[in-house]
Amino acid sequence: MGKQELVRLRLMTAGDTTKIVAWRNRDFVRNNFIYQELFTEEGHLRWIREQVEPGYVVQFIICLADGREIGSVYFRDIDREKGTAEYGIFIGEEDALGCGYGTAAAGQALAYAFAKLKLRKVFLRFLADNIGARKSYEHVGFRLTDRRERVMTRQGEREVCFMELDAADWRHDTDEGRKKSI
């Protein structure tokens, strides 16, 4: 099975709220996010109403070939005039970490972003000590920028790194990956 076939993406719905909140509140997920406050169902439903429904966010659920749901990938702050958005992902099932699922989901999500949303550039932020995330981002073509920030988290002050990917530089591993759509 090729990397692209490891997962499939489906659009998130309000029915996914309980699952999203549970995943995002797990310590191994929260500790790798810049925003580390606990999620609530009310807050997530507000996110859907105020961000997803008006089109500022596109969010997917990451599903394995057997149908098991393991996390979410999304584009936020979509600026259709500039053709930009911020990328985010999390794997909410601990036994699914380090299996290549995030990289496979990123490839599919980026295909959607560049082909369907017509984005020209996607950027992301990550905590510098999250080496696994950085490797996954690099695998799909994101490039580290010179920009750095410092943030205060529950673990103390941490460095934030920035990466970006231009549509013109983005490439799939295979021709089949280029043809695959969500």
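If you read the sequence from its start, that first residue is 1, and numbering goes on from there.
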Crowding at CG, Asp146 (>12 non-hydrogen neighbours, <6.0 Å): no

CD/Glu159 to CD/Glu149 distance, rounded to the nearest 0.5 angstrom? 10.0 Å

Please answer whether the main-chain N or O of Lys82 pairs with a side-chain N or O of Arg120 as donor and acceptor at a distance below 3.5 Å. yes

Is it the case that the side chain of Asp166 and the backbone of Ala168 share a donor-acceptor pair, with hydrogens and angles ignored and the cut-off at 3.5 Å? no

Just checking Tyr56: does its OH atom have more than 12 heavy atoms from other residues, nucleotides or ligands closer to it than 6.0 angstrom? no

Do Val122 and Thr84 come within less than 4.5 Å of each other through their side chains, counting heavy atoms only? no

Exam field: side chain Arg26 to backbone Gly92, donor-acceptor pair closer than 3.5 Å: yes

For residues Leu97 and Ile61: do they belong to one hydrophobic cluster (side chain heavy atoms under 4.5 Å, members Ile, Leu, Val, Met, Phe, Trp, Tyr)? yes

Nearest heavy-atom contact between Leu165 and Gly141 is CD1-O, 3.2 Å

Closest non-hydrogen atom pair, Ala109 against Val73: CB-CG2, 3.8 Å

Apply the test side-chain hydrogen bond (donor to acceptor under 3.5 Å, both in side chains) to residues Thr17 and His44: give CA-CA distance (whole Å), side-chain angles for both, the deciding distance (0.1 Å), then the verdict. CA-CA 6 Å; Thr17 296; His44 190 259; 3.2 Å; yes

Glu86 vs Ile78 side-chain heavy atoms within contact, under 4.5 Å: no

When the ring centroid of Phe75 is compared with that of Tyr112, is the distance short of 6.0 Å? no

Can you give me the closest heavy-atom contact between Ala14 and Ile48, atom names plus distance? CA-CD1, 3.6 Å

Supply the atom-to-atom distance Arg46 CZ to Arg49 CZ, rounded to the nearest 0.5 angstrom. 7.0 Å

Should the pair Arg10 and Phe60 be classed as cation-pi, given the thresholds of under 6.0 Å to the six-membered ring centre and 45° from the axis? no

Does Phe39 belong to the same Ile/Leu/Val/Met/Phe/Trp/Tyr cluster as Val52, with side-chain heavy atoms less than 4.5 Å apart forming each link? no

For the CD1 atom of Ile70 and the SG atom of Cys99, what is their distance to the nearest 0.5 Å? 7.5 Å

Please name the pair of heavy atoms, one in Pro54 and one in Glu50, separated by the smallest distance, quoted to 0.1 Å. CG-O, 3.2 Å

Step by step, would you call Met12 with Val58 a side-chain contact (heavy atoms from CB on, under 4.5 Å)? CA-CA 8 Å; Met12 178 205 64; Val58 174; over 6 Å; no

Any sub-3.5 Å donor-acceptor pair from Asn130's side-chain atoms to Ala133's backbone N or O? yes

With a 4.5 Å limit on heavy-atom distance, are the side chains of Phe126 and Leu144 in contact? yes

The side chain to side chain donor-acceptor pair (under 3.5 Å) partners of Arg158 (sequence neighbours excluded) come to Asp129, Gln155

Within the structure provided, determine whether Glu69 and Lys19 are in side-chain contact (heavy-atom separation under 4.5 Å). yes

Below 4.5 Å, heavy atoms only, C-beta onward: do Thr40 and Val21 meet side chain to side chain? no

Would you call the rings of Tyr137 and Phe142 parallel, tilted or perpendicular, where under 30° means parallel and over 60° means perpendicular? perpendicular

Nearest 0.5 angstrom please: Cys161 SG to Arg148 CZ, how far? 4.0 Å

Kindly indicate, with the supporting measurements, whether the criterion side-chain contact (heavy atoms from CB on, under 4.5 Å) is fulfilled by Tyr35 and Arg24. CA-CA 10 Å; Tyr35 179 79; Arg24 267 299 264 118; 4.0 Å; yes

Do Ile62 and Ile89 have side chains that approach each other closer than 4.5 Å (heavy atoms only, starting at C-beta)? yes

So which heavy atom on Val140 is nearest to which on Leu110, and how close? CG2-CD1, 3.8 Å

Atom pair CH2/CD of Trp23 and Glu94 - distance to nearest 0.5 Å: 14.5 Å

Shortest non-hydrogen pair, Glu93 vs Phe28, comes out as C-CZ, 3.9 Å

How about Tyr87 and Phe123: do any of their side-chain heavy atoms sit closer than 4.5 Å? no

dist Glu164:CD -> Lys121:NZ (nearest 0.5 Å) comes out at 4.0 Å

Treating Asp16 as the side-chain partner and Thr13 as the backbone partner, does any N or O pair qualify as donor plus acceptor under 3.5 Å? yes

With heavy-atom distances below 4.5 Å as the criterion, would you say the side chains of Gln108 and Val7 are in contact? yes

Charged N to carboxylate O below 4.0 Å: is that the case for Arg30 and Glu37? no

